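None of the values given here were measured: they were computed from a predicted structure. By convention here, the first residue in the shown sequence is residue 1.
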Amino acid sequence: HLKLEESGGGSVQAGGSLTLSCEASEYTVATLGWFRQAPGKGIQGVACIYREGRTDYGDAMLGRFTVSQDRAKKTVYLQITDLAPEDTATYFCVASLTYFGEPCLSRIDKYSVWGRGTQVTVSS
């Protein structure tokens, strides 16, 4: 039974950086991703990475967000630079056990395993 555990969130000032980590209990996944939910808002796709390493990013995420993986450590990372108050949200690590052949942020319903989330708070 696959489990995901996020870490690395915290409170930072605008302009700072954070690297979130997500460790999987096993790495028999097709795609891993990050979604976020800001207070009072819907869930937004941030970034995702396919097993072979190809990545995809949400609108307006390209440039400040970098997703990567270390398969030996069964861990996926999300590096965020130049943080802004609008980045304040709970960030969820998600996994799809099957390859669904579409842009990996386009089908949130394909992600059957979710972590509990890690909170990122950015102050101005």
Side-chain angles (χ1 to χ4, degrees):
H1 182 64
L2 173 64
K3 293 184 180 180
L4 304 172
E5 185 170 354
E6 304 99 332
S7 61
S11 297
V12 296
Q13 290 194 326
S17 300
L18 278 176
T19 297
L20 308 182
S21 300
C22 171
E23 183 174 358
S25 58
E26 55 189 78
Y27 221 67
T28 55
V29 296
T31 308
L32 286 160
W34 292 92
F35 286 78
R36 70 181 184 183
Q37 186 168 27
K41 296 189 177 180
I43 292 179
Q44 181 182 26
V46 178
C48 52
I49 185 165
Y50 294 92
R51 181 183 295 163
E52 74 273 17
R54 187 161 44 100
T55 59
D56 191 20
Y57 293 89
D59 294 341
M61 304 297 176
L62 197 61
R64 294 193 302 116
F65 295 78
T66 303
V67 63
S68 61
Q69 63 183 345
D70 185 330
R71 297 181 60 83
K73 294 182 178 179
K74 296 182 289 185
T75 300
V76 62
Y77 304 96
L78 182 69
Q79 182 182 27
I80 316 171
T81 61
D82 194 21
L83 279 154
E86 307 85 78
D87 296 318
T88 294
T90 301
Y91 286 72
F92 297 94
C93 178
V94 299
S96 173
L97 303 182
T98 58
Y99 179 74
F100 51 91
E102 299 168 75
C104 52
L105 288 181
S106 65
R107 296 289 304 273
I108 190 173
D109 61 301
K110 293 295 186 180
Y111 293 97
S112 57
V113 183
W114 287 63
R116 291 186 175 184
T118 186
Q119 178 66 37
V120 173
T121 303
V122 184
S123 58
S124 57

Chemist: Quick one: side chain to side chain donor-acceptor pair (under 3.5 Å) pairs with a partner in residues 80-90, sequence neighbours left out?
Modeler: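 Side chain to side chain donor-acceptor pair (under 3.5 Å) check on residues 80-90 returns R36-D87, R64-D87, T90-Q119.
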Chemist: Hey, does the side chain of E6 reach the backbone of C22 with a donor-acceptor pair shorter than 3.5 angstrom?
Modeler: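 No: the side chain of E6 does not pair with the backbone of C22.
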Chemist: Please tell me if the side chains of T98 and S96 come closer than 4.5 Å, counting only heavy atoms from C-beta onward.
Modeler: yes
Chemist: Can you name the nearest heavy-atom pair linking W34 to S21, along with the distance?
Modeler: CH2-O, 3.7 Å
Chemist: Starting from F100, walk the hydrophobic network (Ile, Leu, Val, Met, Phe, Trp, Tyr; side-chain heavy atoms closer than 4.5 Å) and list everyone else you reach, by chain and number.
Modeler: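 Traced through the cluster, F100 reaches F35, I43, F92, V94, L105, I108, Y111, W114.
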Chemist: Among residues at least two apart in sequence or on other chains, which ones pass ring-ring contact (aromatic ring centres under 6.0 Å, His included) with Y91?
Modeler: none
Chemist: According to a 4.5 Å side-chain heavy-atom criterion applied to Ile, Leu, Val, Met, Phe, Trp and Tyr, with indirect links allowed, do L32 and L18 form part of one hydrophobic cluster?
Modeler: yes
Chemist: Do the non-hydrogen side-chain atoms of L20 and V120 ever get within less than 4.5 Å of each other?
Modeler: yes
Chemist: Counting only heavy atoms not in E5, do more than 12 fall under 6.0 Å of its CD?
Modeler: no
Chemist: Among the clusters formed by ILVMFWY side chains lying less than 4.5 Å apart, do L4 and V46 turn up in the same one?
Modeler: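 Same cluster: L4 reaches V46 through Ile, Leu, Val, Met, Phe, Trp or Tyr contacts under 4.5 Å.
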Chemist: Minimum heavy-atom separation for S25 to H1, with atom names?
Modeler: OG-O, 3.6 Å
Chemist: Under 6.0 Å from the CZ atom of R116, do we count more than 12 heavy atoms belonging to anything else shown?
Modeler: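 No, not enclosed.
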Chemist: So do Q69 and R51 actually touch side chain to side chain, heavy atoms under 4.5 Å?
Modeler: no
Chemist: Ignoring hydrogens and angles, tell me if any N or O in the side chain of Y50 forms a donor-acceptor pair with the backbone of C104 under 3.5 Å.
Modeler: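 Flag set: sc Y50 to bb C104 pair under 3.5 Å.
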Chemist: Which pairs with one or both residues in residues 99-109 pass side chain to side chain donor-acceptor pair (under 3.5 Å), sequence neighbours excluded?
Modeler: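 Residue pairs with at least one partner in residues 99-109: R54-Y99, E102-R107, R107-D109.
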Chemist: My understanding is that only residues two or more places apart in sequence, or in another chain, count here; which of them pass ring-ring contact (aromatic ring centres under 6.0 Å, His included) with F65?
Modeler: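 F65: no ring-ring contact (aromatic ring centres under 6.0 Å, His included) contacts found.
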Chemist: Donor-acceptor pairs under 3.5 Å, side chain of residues 7-16 to any protein atom, not counting sequence neighbours: which ones?
Modeler:
none

Chemist: Under 3.5 Å, is there a donor-acceptor pair between the side chain of Q79 and the main chain of T66?
Modeler: no
